[in-house]
Number of protein chains: 2
Amino acid sequence: MDVDLRKLRYFVAVAEELHFGRAADRLHIAQPVLSRQIRALENELRAQLFVRTKRATELTPAGRQLLDDARPLLAAADATRRRVAQAARGAKTFTIGFMPGLTVTSVVRRFAAANPELEVEVVRTTWDDQVEVLHDGRVDVSIVRLPIDQAGLVLRPLFEEPRVAMVPADHRLAGKPSIDITDLADEHLLQDPDAVPEWRDIALELRSGHPRAVPVLHSVEEKLEHVAAGNGISIVPQSVADFYHRPDVSTLPVNDLAPNKVALAWIATRRSRLIHSFADLATAADWAPRPGRRA
Amino acid sequence: MDVDLRKLRYFVAVAEELHFGRAADRLHIAQPVLSRQIRALENELRAQLFVRTKRATELTPAGRQLLDDARPLLAAADATRRRVAQAARGAKTFTIGFMPGLTVTSVVRRFAAANPELEVEVVRTTWDDQVEVLHDGRVDVSIVRLPIDQAGLVLRPLFEEPRVAMVPADHRLAGKPSIDITDLADEHLLQDPDAVPEWRDIALELRSGHPRAVPVLHSVEEKLEHVAAGNGISIVPQSVADFYHRPDVSTLPVNDLAPNKVALAWIATRRSRLIHSFADLATAADWAPRPGRRA
DNA sequence: CGTCCATAATACCTTCAGGGTATTACAGCC
DNA sequence: GGCTGTAATACCCTGAAGGTATTATGGACG
């Protein structure tokens with residue numbers, strides 16, 4: 001009658017690997033078991049999920065539909081476990097995620113004061129997991145930097161802030177009062193080009209057909225390390241530049257760069273007095289960037 | 001590792017019945033099995049879900065949290081099954097729910113014309129299931145009458161329409177050009193008083209402390225049957241009155257009655273080109289009530 | 001106060017799903 | 001034609017989920 005979440009997890013692994021053997025390794029089970037479980041799932045759902053040719057494994061339309069649905073479903077199940085565990089621990093906690101550079105202390109302090117029975121936690125997120133932490137229940141609300149995948153979320157805009165370029169201190173542009181985005185056309189950007197469409201559209205290295213590889217960087221610190229080492233430049237929100245200041249990296253205001261939008265996000269299916277009261281506090285708060293250390 | 005949806009369903013049954021025996025009956029399993037499964041669930045989650053005194057069964061805080069999460073989770077699982085089954089059937093269908101009185105044909109026709117590869121279905125909903133059909137995947141979008149439980153949904157307002165009173169044709173007020181809500185203070189209303197707060201706040205029968213029972217009515221037709229039989233009166237949106245017209249029931253415009261709001265709703269976690277294109281069509285459509293047959 | 005009743009838990013059995021290993025079937029490649 | 005990579009098949013074993021019979025226990029009641 002009910003789908004089995006274990007089988008769903010198996011299915012997602014196979015759908016992502018498109019290879020039974022590798023998926024089985026990832027799941028730490030034997031390959032024949034996985035084959036059998038997927039077969040069973042297909043029977044239960046009365047739907048073929050994969051086309052297995054001897055040489056390749058592909059998703060059917062039904063499989064694609066299931067993959068779309070299975071991921072949020074599994075995330076919701078994880079979130080449920082987390083929330084129950086927390087409720088059982090007795091101590092009611094409320095966890096707030098936030099992206100680097102954002103200063104949440106004042107809002108958090110006011111929220112904690114208004115809810116003294118609550119244990120209020122904060123979690124620093126990254127680009128990769130700022131949405132994930134919401135879906136899997138690690139945080140109750142998260143202060144995110146747009147753009148994000150908004151599916152299943154409620155967003156409340158908080159403020160906008162300019163974005164600036166971070167270059168090595170000995171860079172030819174370092175020290176200029178401001179630059180145009182076109183000045184960066186022949187630079188190497190240490191992040192996903194889509195995050196800065198203004199640069200992507202003019203970048204020489206992308207037009208040359210030989211884009212340089214972008215290392216996978218999960219934190220601002222790592223990114224700055226690469227900038228300082230002269231491996232490239234980076235575009236970050238003003239507050240990030242202010243917060244993660246280091247002498248061997250210079251900050252440059254850039255004209256014609258759309259500001260970064262910051263919003264509060266939470267799961268649309270959840271309805272909680274606490275979430276709404278936090279949202280109201282956050283909306284009312286003064287998010288003006290603190291005076292930068294650069295000044 | 002993963003929670004078992006079967007156990008979750010069992011849990012919900014027990015949480016709703018607060019009685020292992022009755023819950024077991026409802027689930028068509030033996031009571032000891034149910035006791036054991038709930039125990040197992042409690043162990044897996046490392047959380048006590050019920051306090052079992054010899055005489056009563058109560059939810060713990062963790063149990064309440066789980067109940068809140070389990071219901072949408074199970075609904076999402078159902079919806080997944082439905083959508084996969086549909087995708088497997090090959091014929092891509094798009095299903096639109098709508099409440100009584102609403103005329104969706106023109107929008108549906110235009111949507112079907114714009115998506116000829118699609119099989120477009122319509123489903124009439126009721127007050128009870130207009131939200132449920134969205135959560136369990138029976139429809140892709142639904143045209144709902146507010147107020148509804150908006151958790152997990154995206155709403156797009158479409159239009160508003162006045163509400164009118166339906167009374168027996170031989171009622172003392174029948175035939176009046178219009179009445180005030182106060183004229184109905186000593187009438188019996190055949191619906192949930194909270195649906196018409198203007199009446200609830202003045203109703204004599206509610207102030208007397210001896211409210212008459214409201215029969216459980218699932219369709220407009222049943223409601224009108226009761227009205228015609230003289231068992232009470234009913235407040236409905238104008239378009240419902242126009243559509244379900246019968247000679248032994250009269251329609252009365254009522255002053256000081258907030259209009260009924262109609263909106264398009266869909267599941268917040270879903271992101272589909274089709275849903276958005278339907279939403280745009282629906283927003284652009286002319287929803288002005290058709291000329292009533294009463295005229 | 002003893003008996004009965006209602007209710008959940010315990011004991012014990014049976015079946016079958018899910019895990020494992022060994023092996024086979026089959027397509028492509030050298 | 002043998003070799004390799006890949007999924008499926010065959011077969012076994014364990015444990016979870018279902019069932020029935022019974023027990024423990026607190027409340028109701030004569």
Check: Between A:Phe50 and A:Phe11, is the gap from one ring center to the other below 6.0 Å?
Finding: yes

Notebook entry, point to check: What side-chain hydrogen bond (donor to acceptor under 3.5 Å, both in side chains) pairs are there with at least one residue in residues 114-125 of chain A, not counting sequence neighbours?
Noted result: A:Arg124-A:Tyr244

Checklist line | Non-neighbouring partners of A:Arg26 that pass side-chain hydrogen bond (donor to acceptor under 3.5 Å, both in side chains), sequence neighbours left out | finding: A:Glu16, A:Glu17

Item checked: Distance in angstrom units between B:Glu58 CD and C:dT7 P, rounded -> 15 Å

Item checked: B:Trp266: partners by ring-ring contact (aromatic ring centres under 6.0 Å, His included), with sequence neighbours left out -> B:His276

Notebook entry, point to check: With the sugar-phosphate defined as primed atoms, P, OP1 and OP2, and the base as all remaining atoms, what B/S/- string results for nucleotides 16-21 of chain D, 5' to 3', for protein heavy atoms under 4.0 Å?
Noted result: -BBBBB

Check: Taking 4.0 angstrom as the limit, do A:Glu42 and A:Arg52 come out as a salt bridge?
Finding: yes

Next item on the list: Whole angstrom is fine here: how far is it from CG in A:Leu41 over to P in C:dG18?
Entry: 10 Å

Item checked: Spacing of B:Ile38 atom CD1 relative to C:dT10 atom P, expressed in whole Å -> 14 Å

Listed pairs under 3.5 Å, donor-acceptor, residues 91-100 of chain A side chains, sequence neighbours left out:
residue, atom, partner, partner atom, Å
A:Thr93, OG1, A:Gln86, OE1, 3.0
A:Thr93, OG1, A:Gln86, NE2, 2.5

Item checked: Those residues of residues 14-25 of chain B lying under 4.0 Å from DNA chain D by at least one heavy atom -> none

Checklist line | Phosphate-side-chain proximity, B:Ser35 and C:dA9, N/O vs OP1/OP2 below 4.0 Å | finding: yes

Checklist line | Spacing between B:Leu34 atom CG and C:dA8 atom C1', to the nearest angstrom | finding: 10 Å

Next item on the list: In plain terms, say whether B:Glu44 and A:Arg81 are close enough for a salt bridge, that is, a side-chain N and a carboxylate O under 4.0 Å apart.
Entry: no

Note to self: Any side-chain N or O of B:Arg52 below 4.0 angstrom from OP1/OP2 of C:dT7?
What the structure shows: no

Next item on the list: Verify the contact: side-chain N or O of A:Thr57 to OP1 or OP2 of D:dT6, cut-off strictly under 4.0 Å; return yes or no.
Entry: no

Margin query: Quick test of your reading of the model: are B:Asp78 and B:Arg9 salt-bridged, counting only N-O distances below 4.0 Å?
Written below: yes

